[in-house]
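Here the structure is laid out as structure tokens; the discussion comes afterwards.
No experiment lies behind these values; they were computed from the predicted model shown.
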Amino acid sequence: MVRALLHTPAQARVGEVIEIRAHIQHAMETGYRQGPENRPLPRDLVRRVECHFDGQLVFAAELHAAIAANPYLAFFMTAERSGTISVTWRGDQALERREVATLTVVP
């Protein structure tokens, strides 16, 4: 079972720089290790992470085999208006996991 977490402030002031933190619990198998019966374990990586604010892309990252298991990303954005923040993790083995948070911007 893949578990993803998204941490954002619930509230921010107009123009404030906020931190978005995203974490996913994922084993990140490279496909090079040998499993039972000396057969390679299938590759299972998180390949792309995207963050959208009200449907507009604000952050994206391509991940590769060198990334650690359970990847954690933190990045910043400026709070201009209230809206919805969604982070989507995509990868091998048909992985797609989305977490959503609401940001309220006050004057």
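The distance from atom OG1 of T8 to atom CE of M77, rounded to the nearest 0.5 Å, is 9.0 Å. Note that the CG atom of L45 and the CG atom of L63 stand 9.0 Å from one another [nearest 0.5 Å]. For the atom pair D44 CG and L95 CG, the distance stands at 7.0 Å (nearest 0.5 Å). Between the CD atom of E80 and the OG1 atom of T78 there is a distance of 6.0 Å, given to the nearest 0.5 Å. In this structure, CZ on R3 lies 11.0 Å from CG on N70, to the nearest 0.5 angstrom.
For V105, the side chain to side chain contact (heavy atoms under 4.5 Å, CB included) test picks out V14, A79, S82, L103, with sequence neighbours left out. Shown here are the side chain to side chain contact (heavy atoms under 4.5 Å, CB included) partners of T88, two or more places apart in sequence or in another chain: R90, E96, R98. E62 is linked by a side-chain hydrogen bond (donor to acceptor under 3.5 Å, both in side chains) to R48, counting only residues two or more places apart in sequence or in another chain. By the side-chain hydrogen bond (donor to acceptor under 3.5 Å, both in side chains) test, D92 is found to be paired with R43, residues two or more places apart in sequence or in another chain being considered. For Q56, there are no side chain to side chain contact (heavy atoms under 4.5 Å, CB included) partners at least two apart in sequence or on another chain. Under the rule for a side chain to side chain contact (heavy atoms under 4.5 Å, CB included), A27 has no partner lying at least two apart in sequence or in another chain.
For the residue pair P71 and A68, the shortest heavy atom distance occurs at CD-O, 3.7 Å. Considering all non-hydrogen atoms of both residues, A65 and T30 come closest at O-CG2, 3.9 Å.
Within the 4.5 Å cutoff, the side chain of V2 has heavy atoms near those of the I24 side chain.
Sorted by first and then second residue, the ring-ring contact (aromatic ring centres under 6.0 Å, His included) pairs with a member in residues 56-103 read F59-F75; sequence neighbours excluded. Sorted pairs that involve residues 12-23 and meet salt bridge (Lys or Arg N to Asp or Glu O under 4.0 Å), not counting sequence neighbours, are lacking altogether. Sorted by first and then second residue, the ring-ring contact (aromatic ring centres under 6.0 Å, His included) pairs involving residues 17-57 (not counting sequence neighbours) form an empty list.
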task: Output, in order, the C-alpha distance, side-chain angles, deciding distance and verdict of side chain to side chain contact (heavy atoms under 4.5 Å, CB included) for I85 and I20.
output: CA-CA 9 Å; I85 298 170; I20 310 291; 3.7 Å; yes
- request: Show the numbers, then the answer: is there a side chain to side chain contact (heavy atoms under 4.5 Å, CB included) between V49 and V87?
  value: CA-CA 7 Å; V49 180; V87 174; 3.9 Å; yes
- request: I would like to know whether V46 and M28 meet side chain to side chain contact (heavy atoms under 4.5 Å, CB included); could you show each step before the answer?
  value: CA-CA 7 Å; V46 174; M28 301 293 276; 3.8 Å; yes
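D54 places a side-chain N or O within 3.5 Å of a backbone atom of T84 that can act as its donor or acceptor partner.
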Let me check something: any side-chain donor-acceptor pairs from residues 33-40 under 3.5 Å, sequence neighbours excluded? List them with distances.
unit_1	atom_1	unit_2	atom_2	d
R33	NE	E29	OE1	3.2
R33	NE	E29	OE2	3.1
R33	NH2	E29	OE1	2.8
E37	OE1	R39	NH1	3.2

